[in-house]
Number of protein chains: 4
Amino acid sequence: MTGKSKKEELAQKRSAQILEAAARVFALKGYHAATTKEIAAEANVAEGTIYNYFRSKRELLLSMISDFADESLQLAMTRPSSKSDKEFLTTLLKDRFTLIDQNMNLVRVILREMMLDDNLRYFFFEQVLSKLSSQLGDLLKTRMEEGVFRNLDAVIAVHAMMGSFLGFILLGLDRKRHRLPPEELASQLADFFLNGLRLRSGEEPT
Amino acid sequence: MTGKSKKEELAQKRSAQILEAAARVFALKGYHAATTKEIAAEANVAEGTIYNYFRSKRELLLSMISDFADESLQLAMTRPSSKSDKEFLTTLLKDRFTLIDQNMNLVRVILREMMLDDNLRYFFFEQVLSKLSSQLGDLLKTRMEEGVFRNLDAVIAVHAMMGSFLGFILLGLDRKRHRLPPEELASQLADFFLNGLRLRSGEEPT
Amino acid sequence: MTGKSKKEELAQKRSAQILEAAARVFALKGYHAATTKEIAAEANVAEGTIYNYFRSKRELLLSMISDFADESLQLAMTRPSSKSDKEFLTTLLKDRFTLIDQNMNLVRVILREMMLDDNLRYFFFEQVLSKLSSQLGDLLKTRMEEGVFRNLDAVIAVHAMMGSFLGFILLGLDRKRHRLPPEELASQLADFFLNGLRLRSGEEPT
Amino acid sequence: MTGKSKKEELAQKRSAQILEAAARVFALKGYHAATTKEIAAEANVAEGTIYNYFRSKRELLLSMISDFADESLQLAMTRPSSKSDKEFLTTLLKDRFTLIDQNMNLVRVILREMMLDDNLRYFFFEQVLSKLSSQLGDLLKTRMEEGVFRNLDAVIAVHAMMGSFLGFILLGLDRKRHRLPPEELASQLADFFLNGLRLRSGEEPT
DNA sequence: AATGAATGAGCTTTCATTCAT
DNA sequence: AATGAATGAAAGCTCATTCAT
């Protein structure tokens, strides 16, 4: 049923090997500055071999992004079972931050190219971020209807949260910059989004 | 008394003319893909003329960024007189969003190159964003001490707000994407940050 | 046993093919005025191919010179077995003139660039000419000690001979200019150096 | 009678000012690498001004060389009154070496360009060196006929002396390289040419 | 299937020369 | 007469891609 012939397996392996090498080089130098020569060397493969598996240098990038999108979507499927809002939000954010953390190099590249390529940006926003967006949106809608959340402009609220998320990724681009562990970050962010800055009446200042 | 000679004026004009053309081409294609030939054509100038005013293509970019940073810093000087927190935050954000809006092409370019160039990113974060960051931080610290704001992790809160800000810029990259007017956006964001998502006791749901 | 693979042989051949083409173009136009486009055309190769074998146009020149220096040094090893002074000197000069003659194009280029590039001139004087210089110096010293040669300023004498040698190369730069065969030239020069202009007492005027 | 108007004088002065600046820059960088911008700066003149006095950068060089040739020819007119051969030769060489010494920068440039430009080389050999050559040739011929000099191949002997002369110029190219004063050099060379290396019978070894 | 030598379009940059002021 | 801003041709070099082996 699976039916992967040995050849196909080998091809898969070779393809992954090249893709990983490309990711490393892209991350280090950026898409434009990376050369196929370097990628080939990093993959321990001849330059021509790349073109047996990918039509062009650009396809190398697109293939990487596509793979990442798939992984991201898979994550979206397993939406957290809604316990408390705090837990829900925390888990949602934590999972994303973890995914990002584990694919930081790739994310670097994607972010860079997203800025340039309209199609790529559209793809990323719609295919990857929209799932997060809609999950946040659903939460907001439900809770507003239940009278638990204030009646805010949902679009703005979602974008603020998404943006905050994106911003943290941007700020985390530097390897050196101190970054919090995903769980901690997610928890604090969830609290911030839910409760805002202002002290609530009847709440302890500290 | 300031004594700008005609020549100096002309040089200034030419320089600006080239810089603006470069910004347009960079915005459209990105720094790397933009060619000096295109920039020259866009500026209605010979290719060589560019090099009478800028040492290299790279300097063209750096000059653009430096100008923007100056403008941004000037903005930072005129910090809003603190009336209510809401007004303070709204004004702070509105001014930034307006500046960004008016320099969208440039911001596009800067964001792109920031991803690639460590120095550029450092420069942008430290020179441009850190002012916003410290102003937000000051507000938080003061209000927390006064017992008006909750005792949050200030770093996370500031980064969340900054990130949200950055995120909105990213989301606004597309010309087509519907974007709210800066004042509206700033006001709603300020409210969101201050009050969070949850309904406050004694508050009307709607 | 030496084990030159086919690939290595081919690379060697290509390298030589490009080098020879470059020598021809350099000789005709000079290093500066020669273009990589021309060299490529002369070598029946694409322009990019040059850069698969040499890092830069400059390296093309340096490689040529280095090869010539090697050949020249090999010649220096086989110093003539000292029979009579006349024979010694004649052979010494003849071998050099022959080497020069066979590499006239290259010598043209080297002489030209030597004038401009201090490093190159130093290299040529020290690596190539100093061997000739020291061999002449040794001869002088020995013979002066034996009382066969007059007690001249050895430095001046050597430089006069070396200079004369260089001068003949310069004078021979033109293809059209009538040039004597190396043996003849060497023999007459040796005689001139040994005996000077003046008739010796007891010598026949003719 | 001379009738130099003030304007002509000024033009002459300006022309010389540019020429001298050009000589300095050419000497330092070589003809090719020297830029008109540099020359203009060195002459305290605008770039365009150069072209009011010289048709092209090349003409700047040719004009310099022509001036030098004139000076050289003037020298040739005042041939030394023939006392002894030694004195004659010494004076001849000394005058040339002095001229060269005083125009070393220019000579550097001429030598460089001579290598590249056939016309220039022809011009230099025929117009400048041929006078020296013919004067040496005349001496040889006369003395051979008188039976004072050996019956050598005059062409070779002259070329050897000329070449030696050229060689000393080449060797003197480096500013750092130790160079003898012209009188000393001329005297020793004259002795070398006249008497050769070999001790003459009845001569003291020392 | 893997190779890597060969390709050549296209890049940034330089600089002698022109010409309106 | 003097200027120097503007020009644009042409240079060296890079690198994604092809294809014969």
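The chains referred to below are lettered A, B, ... by the order of the sequence lines, with proteins before strands, and numbering in each begins at 1. Predicted model, so just to flag it, every value in this text is computed and none were measured.
- For D:L61 and E:dA16, the CG to C1' distance is 15 Å, given to the nearest whole Å.
- Side-chain contact between A:M104 and A:R108: present, with at least one pair of heavy atoms (C-beta onward) separated by less than 4.5 Å.
- Side-chain contact between A:L120 and A:L62 is present, with at least one heavy-atom pair separated by less than 4.5 Å.
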Original post:
For nucleotides 5-13 of chain E, read 5' to 3', which letter fits each nucleotide if B means a protein heavy atom sits under 4.0 Å from the base, S means only the sugar-phosphate is that close, and - means neither?
Top reply: SBBB--SBB
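- A straight line from CD of A:Q17 to C1' of E:dA2 spans 12 Å, rounded to a whole angstrom.
- Residues C:Y53 and C:L19 are not in side-chain contact: their nearest non-hydrogen atoms beyond the backbone lie 4.5 Å or more apart.
- Counting only residues at least two apart or on different chains, the side chain to side chain donor-acceptor pair (under 3.5 Å) pairs with a member in residues 25-34 of chain C are C:K29-C:E38.
- Here the closest heavy-atom approach between residue D:I110 and residue D:I65 is recorded as CG1-CG1, 3.6 Å.
- Following rounding to the nearest Å, D:I18 (CD1) and E:dT17 (P) show an atom-to-atom distance of 14 Å.
- For the pair D:S15/D:Q12, no side-chain contact is recorded, criterion being any heavy-atom separation below 4.5 Å from C-beta on.
- Taking a pair as Watson-Crick or G-U wobble with both distances under 3.5 Å, the runs of three or more consecutive pairs in DNA chain F are E:2-21 with F:2-21.
- Between B:D117 and B:R58, at least one side-chain nitrogen of the basic residue sits less than 4.0 Å from a carboxylate oxygen of the acidic one, meeting the salt-bridge criterion.
- Atom-to-atom, NZ of A:K29 to P of F:dA16 comes out at 12 Å; the value is rounded to the nearest Å.
- Side-chain contact between A:M64 and A:F26 is present, with heavy atoms from C-beta onward closer than 4.5 Å.
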